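Predicted model, so just to flag it, every value in this text is computed and none were measured. As a basis for the values below, the full set of heavy atoms in this structure was taken, side chains included, without hydrogen atoms, waters or symmetry mates.
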Amino acid sequence: MIRGKYSRIYIIEILFVVLIFILAYPFLKEKELNIEALSEDINKLITEDYKKGTIEDLRKIYGVSTNDIDNYIFYKSNNNMNPKEILVLNFKDVDLLKANKENISKVIDNKKSSFKDYNADAYSLLESSIFKTKGTSLIYIVSEDNKNIEKIINKQFR
């Protein structure tokens, strides 16, 4: 008799825990980036220092294949001596993100080492850059206003 009483309590507890996980799922799942809205918001901040980068630029600079990404935003400096850049890549899956992140990180390190002795201002800008991943998106920002741009990007995750 006691055994049956405890088994009912255990079943109720298990159902309660499962219900909590089901109800918490919308809050715990990773959010996706709304690229179209983000592009509009970033366009408002872009100055004449930047120009829109193409998918071919991404391939040449970072080695990113068009088959690996769904969407992207890429603004680079008009001047090669200026490292300013805004890069948001939305990869198709996490494995592609991980593989490309290593390559992009190596390119960033090469940029830092080339600017280190050449241009102190550009090097400090690269040192304060933001390079992170969120979900299946990679974010790289090199700008004086990188914290503000990061806030705008974070707002667009829905």
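Applying the 6.0 Å contact sphere to CG of N80 captures no more than 12 heavy atoms from other residues, nucleotides or ligands. Counted within 6.0 Å of NZ on K92, heavy atoms from surrounding residues, nucleotides or ligands total more than 12; the atom is thus considered enclosed.
No side-chain donor-acceptor contact under 3.5 Å links N100 and N103. For the 3.5 Å distance criterion, the side chains of K84 and N79 fail to qualify, holding no donor opposite an acceptor. Side-chain contact check for T136 and N90: at least one donor-acceptor pair (N or O, by modelled atom type) lies under 3.5 Å.
Put simply, the side chain of S128 gets close to the backbone of S124: a donor and an acceptor are under 3.5 Å apart. The main-chain N or O of L126 is found under 3.5 Å from a side-chain atom of S129 such that the two form a donor-acceptor pair.
Grouping the Ile, Leu, Val, Met, Phe, Trp and Tyr side chains by contacts below 4.5 angstrom, directly or via other members, places V142 apart from I149.
A salt bridge is absent between E127 and K116: the closest approach of a Lys/Arg side-chain nitrogen to an acidic carboxylate oxygen does not fall below 4.0 angstrom.
Side-chain contact between Y50 and E85: absent, with no pair of heavy atoms (C-beta onward) separated by less than 4.5 Å. Side chains of S137 and K132 form no contact here, defined as non-hydrogen atoms less than 4.5 Å apart.
Residues in residues 99-134 take part in these ring-ring contact (aromatic ring centres under 6.0 Å, His included) pairs, two or more places apart or across chains: F131-Y140.
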Steps toward salt bridge (Lys or Arg N to Asp or Glu O under 4.0 Å) verdict (E13, R8): CA-CA 9 Å; E13 287 176 351; R8 280 188 234 141; over 6 Å; no

